[in-house]
Asker: 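Structure provided below as structure tokens; questions to follow.
Computation of the quantities below employed the complete heavy-atom set of this structure, encompassing side-chain atoms and omitting hydrogens, waters and symmetry-equivalent molecules. As the structure lists them, so they are numbered: ligands from 1, and atoms in each ligand from 1.
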Amino acid sequence: MSRAARPRHYLMCRPTHFTVDYSINPWMEPAKPTDAALAVAQWERLHELFLELGHTVELIEPLPGLPDMVFAANGATVVDGTALVARFRHRERADEAPAYLEWFRSRGYRTVAQAGFANEGEGDYLLVGERILAGTGFRTDRRAHAEAERLLGRPVVTLELVDPRYYHLDTALAVLGDDEVMYYPAAFSPESRRTLAALYPDAVLASDEDAAVFGLNAVPDGRRVVLPEAAVGLAARLRARGFEPIGIDVTELLKAGGSVKCCTLELRGAPA
Ligand code: ARG
């Protein structure tokens, strides 16, 4: 099967102020040392890789005191040039939202909406073809799903996350194509598992090992799939399906509970 890559437009944030000094997910252990220089070096490599693959990458200025701002996927959800800016669940990240709001406004986005309910952008909202898969259970408020449906004009399918290690949808599921996903079934409630099995009977299923190294926190472009290099099982399965997996080391960022996809917000319909 031959796969075609489509150039993408991303927003990223350099981890200049990266550290783990609070804990809002089970991966974050403030007692464990972090290395901001190493985080920056790993992130720089990811940034470079996206450029080498032909994608366009814009940057948002990292702000001191917001160590999780590197996880740009959480800042907003952008569909058809409409940016729905996040409303963070935890106080520790709340000040990131005005920075994203300002960024989208200054870039001339057609519609920049402020969310009324807690939602963490593409951490929990993933566009698959015409529909949005929306996570809830840990961060994004279930009531936010109807708001996203209205503001982004796409049908939303609610999925319930049940394992605190996979607290955002993008830690448990990745979009491979308009009708193709890969996911870790155990991260979802039994009902959501049935929903996923019915919608995507042919999905790639991740093992415990691949999920635990954040293998699903991947950025596919139609052919290439950038993912954590430790997710070797997943990489083999993707290759067998005609994709080209590209492993990368972002383990320093994993100390905050984030990886490749968390660093990458897709700008769909960005103003020229
Ligand atoms: N420490 C961050 C948090 O807990 C990590 C965010 C990861 N981002 C993601 N899109 N899953 O909010």
Asker: Could Arg87 and Glu120 be called an ion pair, given the rule that one side-chain N must be under 4.0 Å from one carboxylate O?
Answerer: no
Asker: So Trp103 and Tyr109, would you call those rings parallel, tilted or perpendicular, with 30° and 60° as cut-offs?
Answerer: tilted
Asker: Report the relative orientation of the aromatic rings in Tyr125 and His145; use parallel for angles under 30°, tilted for 30 to 60°, perpendicular for over 60°.
Answerer: perpendicular
Asker: What is the ring orientation for Tyr10 with His55, classed by angle as parallel under 30°, tilted 30 to 60°, or perpendicular over 60°?
Answerer: perpendicular
Asker: Is Trp27 touching ligand 1 with its side chain, its backbone, both, or neither, if touching means heavy atoms under 4.0 Å apart?
Answerer: neither
Asker: Number the atoms of ligand 1 from 1 as they appear, then name those within less than 4.0 Å of a heavy atom of Tyr167, with their elements.
Answerer: 4 (O), 5 (C), 6 (C), 7 (C)
Asker: Could you tell me whether Met28 approaches ligand 1 through its side chain, its backbone, both or neither, with non-hydrogen atoms closer than 4.0 Å?
Answerer: side chain
Asker: Can you list the atoms of ligand 1 that are under 4.0 Å from a heavy atom of Gly123?
Answerer: 10 (N)
Asker: Which ligand 1 atoms does Asp170 reach within 4.0 Å, using its non-hydrogen atoms?
Answerer: 9 (C), 10 (N), 11 (N)
Asker: Considering distance alone, does some N or O of Glu120 sit under 3.5 Å from an N or O of ligand 1?
Answerer: no
Asker: Is Arg3 close enough and on-axis enough to Phe243, meaning under 6.0 Å and within 45°, for cation-pi?
Answerer: yes
Asker: Which of the numbered atoms in ligand 1 are under 4.0 angstrom from any heavy atom belonging to Thr171?
Answerer: 11 (N)
Asker: For Phe214 and Trp27, I'd like to know if the aromatic rings sit close, meaning centre-to-centre distance below 6.0 Å.
Answerer: yes
Asker: Could you see which bit of Arg139 sits under 4.0 Å from ligand 1, with heavy atoms only: side chain, backbone, both or neither?
Answerer: side chain
Asker: Which ligand 1 atoms, with their elements, are less than 4.0 angstrom from a heavy-atom of Ala256?
Answerer: 1 (N), 2 (C), 5 (C)
Asker: With atoms numbered from 1 as shown, which atoms in ligand 1 lie under 4.0 angstrom from a non-hydrogen atom of Cys262?
Answerer: 7 (C), 8 (N), 9 (C), 10 (N), 11 (N)
